[in-house]
Student: 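Can you read through this structure? Questions will come right after.
None of the values given here were measured: they were computed from a predicted structure. Only this structure's heavy atoms are used, side chains among them; waters, hydrogens and symmetry mates stay out.
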2 protein chains.
Amino acid sequence: MPMSTDVLTRAESICQQRGVRLTTQRRRVLAILCASNRPLGAYEILEAMRDGARTLAPPTVYRALDFLLEHGLVHKIESMHAFVGCNHPEHPHSSQFLICHDCGVVTEIDDAAVTQSLGSAADVSGFRAQRRVVEVIGTCAQCAEKNG
Amino acid sequence: MPMSTDVLTRAESICQQRGVRLTTQRRRVLAILCASNRPLGAYEILEAMRDGARTLAPPTVYRALDFLLEHGLVHKIESMHAFVGCNHPEHPHSSQFLICHDCGVVTEIDDAAVTQSLGSAADVSGFRAQRRVVEVIGTCAQCAEKNG
DNA sequence: CTGAGATGGCAACAATATAACAACTCGGCC
DNA sequence: GGCCGAGTTGTTATATTGTTGCCATCTCAG
Ligand SMILES: [Zn+2]
Ligand SMILES: [Zn+2]
Ligand SMILES: [Zn+2]
Ligand SMILES: [Zn+2]
């Protein structure tokens, strides 16, 4: 499946391959996250999922998020208590996030040097890494240009 | 002031140099964090500060933490919603944390290669870094040894 | 068809963090 | 000493984020 294919379609096929179900609620959450250009909090997703008067309860969203996180379809931005869709969920990866506190845009990068140096640093301490949280908060290029 | 001097004493002198006050509440919070061998949540600190029947309110702790964070005397572990005392607060530094999910111990390291590669990765995107959150969750050497 | 397992709805709750305002403390100054 | 003002703390209430438990419903293999 080429990179250009729609993320939702790719997610669908990933789930099929793994024998798990991308159910309606899960797909809705993923779609909402992918449509947003910035991370969304769980309760923002909840709000976006409202269907007329019908309002959903938090567990619905958190369960969907748990599933999506587990399968690497979304990432959690710890420093923001928010979630973003992943752009290349085909392979497990440890990525880093550049978070602009001005415009709110979050860029996911996967820098080999960072991953490697972090691995080495852990190794030196005899530490077995399992999960990595790497978030850089600052000003993106656009906002830096705009505001001097 | 040599590295061997007690952290509280060093904190005192740092605050004096900067013309800010390490008040009783702030010193208490710092002392509690430094006495702990693992990160503490704000409400755990609150509990530790209880003095007989007299119970404090959350803002007291959060305000002290704000001050200590601002002056680099403590760090926040974002992935845990918890706080640790810094062992070398004399100079501003961007550190990384190795977090053992088994014994709860958190080790602060300051790896030049990590800092440097992360800086380069941000530069490539024209991103101006201001704050860095680097946390590795896994198993520490002791626990790895113990549990195979 | 049927039963086990996965999923979703719902209500209550727990944990983390902040807002707003009043009261107090500590310097410097007259 | 007495006064003032900035910074600090106390207090109450509230906002935000995340979880648990229970049961209804749906799905799918056998
Ligand atoms: Zn990703
Ligand atoms: Zn920006
Ligand atoms: Zn430090
Ligand atoms: Zn350990």
Student: Side-chain N or O of B:Lys76 less than 4.0 angstrom from OP1 or OP2 on C:dA17?
Tutor: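 Yes, such a contact exists.
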
Student: Rounding to an integer number of Å, can you tell me how far A:Glu78 CD sits from C:dT16 P?
Tutor: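 Going from A:Glu78 (CD) to C:dT16 (P), I get 13 Å.
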
Student: Going by heavy atoms closer than 4.0 Å, what residues in residues 58-68 of chain B are next to DNA chain D?
Tutor: B:Pro59, B:Thr60, B:Arg63

Student: From CD of A:Glu47 over to C1' of D:dT16, roughly how many Å is that when rounded to an integer?
Tutor: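 Spelled out: CD on A:Glu47 to C1' on D:dT16 is 14 Å.
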
Student: Using a 4.0 Å cut-off on heavy atoms, which residues in residues 15-37 of chain B reach DNA chain D? List them by number, or say none.
Tutor: B:Arg21, B:Thr23, B:Gln25, B:Arg26

Student: May I have the distance from B:Leu56 (atom CG) to C:dA23 (atom P), rounded to whole angstrom?
Tutor: 19 Å

Student: Please give, in whole Å, the distance from D:dT11 P to B:Met49 CE?
Tutor: 13 Å

Student: Give the rounded distance in Å between these two atoms: NE2 of A:His81 and C1' of D:dA15.
Tutor: 13 Å

Student: Between A:Phe97 and A:His75, is the gap from one ring center to the other below 6.0 Å?
Tutor: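 Under 6.0 Å, so yes.
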
Student: Between A:Ser79 and A:Glu135, do the side chains contain a donor N or O and an acceptor N or O under 3.5 Å apart?
Tutor: yes

Student: I'd like to check, for A:Tyr43, whether its ring lies over the base of D:dT17 with centroids under 5.5 Å apart and a plane angle smaller than 30°.
Tutor: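 Base of D:dT17: stacked against A:Tyr43.
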
Student: How many whole angstroms separate atom CD of B:Glu70 from atom P of D:dT8?
Tutor: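 Whole-Å distance recorded here is 10 Å.
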
Student: Can you check whether A:Thr139's main-chain N or O pairs, donor with acceptor, with B:Arg128's side chain at less than 3.5 Å?
Tutor: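 No: the side chain of B:Arg128 does not pair with the backbone of A:Thr139.
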
Student: Determine yes or no for a side-chain-to-main-chain donor-acceptor pair under 3.5 angstrom, with B:Arg63 supplying the side chain and B:Pro58 the backbone.
Tutor: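 No; judged by distance alone, with no hydrogens or angles, the pair does not exist.
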
Student: Examine distances only and state if a side-chain atom of B:Ser120 and a backbone atom of B:Gln116 form a donor-acceptor pair shorter than 3.5 Å.
Tutor: yes

Student: Give the rounded distance in Å between these two atoms: CZ of B:Arg50 and P of D:dG10.
Tutor: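 Answer to the nearest Å: 15 Å.
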
Student: Any non-hydrogen side-chain atom of B:Val136 less than 4.5 Å from a side-chain atom of A:Phe127?
Tutor: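 Yes. Closest side-chain heavy atoms under 4.5 Å.
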
Student: Fit a plane to each ring of A:His81 and B:His81, take the angle between them on a 0 to 90° scale, and name the class: parallel (under 30°), tilted (30 to 60°) or perpendicular (over 60°).
Tutor: tilted

Student: Would you say the side-chain atoms of A:Asp111 pair up with the backbone N or O of A:Val114, donor to acceptor, closer than 3.5 Å?
Tutor: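 Indeed, once roles are kept as given, a pair shorter than 3.5 Å links the two residues.
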
Student: Please check if the side chain of A:Ser117 supplies one atom and the backbone of A:Ala113 the other of a donor-acceptor pair under 3.5 Å.
Tutor: yes

Student: Please report, rounded to the nearest Å, how far the C1' atom of C:dA15 is from the CD1 atom of B:Ile45.
Tutor: 14 Å

